[in-house]
Amino acid sequence: MFNPPNPKSFFQLVWDIVGEIPAGCVSSYGQIASMIPPDEGMAPTRMRHLAPRWVGTAMRKTPRGLSIPWHRVINSQGSISFPKGSPQADEQRQRLEMEGVRFDARGKVDFALVAWQGPDEAFLQRKRLLPPRPLK
DNA sequence: CGTTTGACTACGC
DNA sequence: CGCGTAGCCAAAC
């Protein structure tokens with residue numbers, strides 16, 4: 001992982017970004033990490049690819065009262081990152097299906113259909129974010 | 001204090 | 001494809 005100089009603002013930024021994901025769309029830990037510039041904690045080094053783990057950490061530490069669409073964040077493989085069969089995985093899948101997101105037999109979504117393209121330009125500028133890396 | 005534990009990802013079999 | 005693993009580290013025990 002990397003060493004966030006500003007864990008507090010970094011987590012807040014992650015939550016803010018997740019809050020922008022519209023219903024019926026999904027993002028990934030890596031895609032969210034790709035938007036966060038080095039001055040918010042993303043090391044521009046070899047550790048960069050570990051950043052997604054910190055996005056996961058931020059999600060795990062989401063405050064109770066904070067209402068954000070946490071279920072719209074999945075992993076780069078297009079599947080839910082909670083253990084299959086766990087209550088959390090079941091709830092996440094149910095919430096997504098409720099929004100029309102379909103899963104194939106292997107439990108994966110089709111990014112071509114549901115991938116989020118990132119926040120609008122105004123949000124990017126207001127939060128000083130980088131353009132998101134497209135989902136594969 | 002030492003250990004365990006992660007809501008990850010890219011890559012190689 | 002699926003599975004294992006390196007990368008690399010702050011928190012929570």
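Residue numbers begin at 1 in each chain, while the letters A, B, ... track the order of the sequences.
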Task: Residue closer to the 5' end of DNA chain B, A:Lys136 versus A:His71 (nearest nucleotide) - done: A:His71
TODO: For A:Ile80 and B:dG6, give me the distance from atom CD1 to atom P, rounded to whole Å.
DONE: 18 Å
Task: Between P of C:dC9 and CZ of A:Phe10, the distance in whole Å - done: 15 Å
Open item on the list: Could you tell me how far C:dC8 sits from B:dT5 if I compare only their P atoms? Round to whole Å.
Closed with: 22 Å
TODO: Would you jot down, in residue-number order, the residues of residues 15-31 of chain A having a non-hydrogen atom under 4.0 Å from DNA chain B?
DONE: A:Ser28, A:Tyr29, A:Gly30
- [ ] Let me know the distance between CZ of A:Arg53 and P of C:dC8, rounded to the nearest Å.
- [x] 12 Å
- [ ] Check side chain to side chain contact (heavy atoms under 4.5 Å, CB included) between A:Val114 and all other residues, then give those that pass, not counting sequence neighbours.
- [x] A:Val26, A:Val101, A:Val109
Task: For atom CD of A:Gln77 and atom C1' of B:dC8, their distance in whole Å - done: 9 Å
- [ ] Side chain of A:Lys61 only, please: which of C:dA11, B:dA10, B:dC8 is the nearest?
- [x] C:dA11
Task: A:Gln77: side-chain hydrogen bond (donor to acceptor under 3.5 Å, both in side chains) partners, not counting sequence neighbours - done: none
Task: Distance in angstrom units between A:Lys84 NZ and C:dC3 P, rounded - done: 10 Å
Task: Partners passing side-chain hydrogen bond (donor to acceptor under 3.5 Å, both in side chains) against A:Asp16 (at least two apart in sequence or in another chain) - done: A:Gln12, A:Lys127
Task: Those residues that, when tested against A:Arg64, pass side chain to side chain contact (heavy atoms under 4.5 Å, CB included) (two or more places apart) - done: none
Open item on the list: Just N and O in the side chain of A:Thr57: are any of them under 4.0 Å from OP1 or OP2 of B:dG6?
Closed with: no
Open item on the list: Distance check needed: B:dC8 C1' versus A:Met35 CE, whole Å only.
Closed with: 16 Å
- [ ] Could you check which of C:dC1, B:dC8, B:dA10 has an atom nearest any side-chain atom of A:Arg133?
- [x] B:dA10
Open item on the list: Going by side-chain hydrogen bond (donor to acceptor under 3.5 Å, both in side chains), name the residues that satisfy it together with A:Ser76, two or more places apart in sequence or in a different chain.
Closed with: none
Open item on the list: Can a donor-acceptor pair be found, under 3.5 Å and without considering hydrogens, that links the side chain of A:Arg133 to the backbone of A:Ser34?
Closed with: no
TODO: Using whole Å, report how far CG of A:Asn75 lies from C1' of B:dG6.
DONE: 14 Å
Task: Rounded distance (Å) that lies between atom C1' of B:dT9 and atom CH2 of A:Trp54 - done: 17 Å
- [ ] Could you tell me whether A:Arg95 and A:Glu99 have a side-chain N and a carboxylate O separated by less than 4.0 Å?
- [x] no
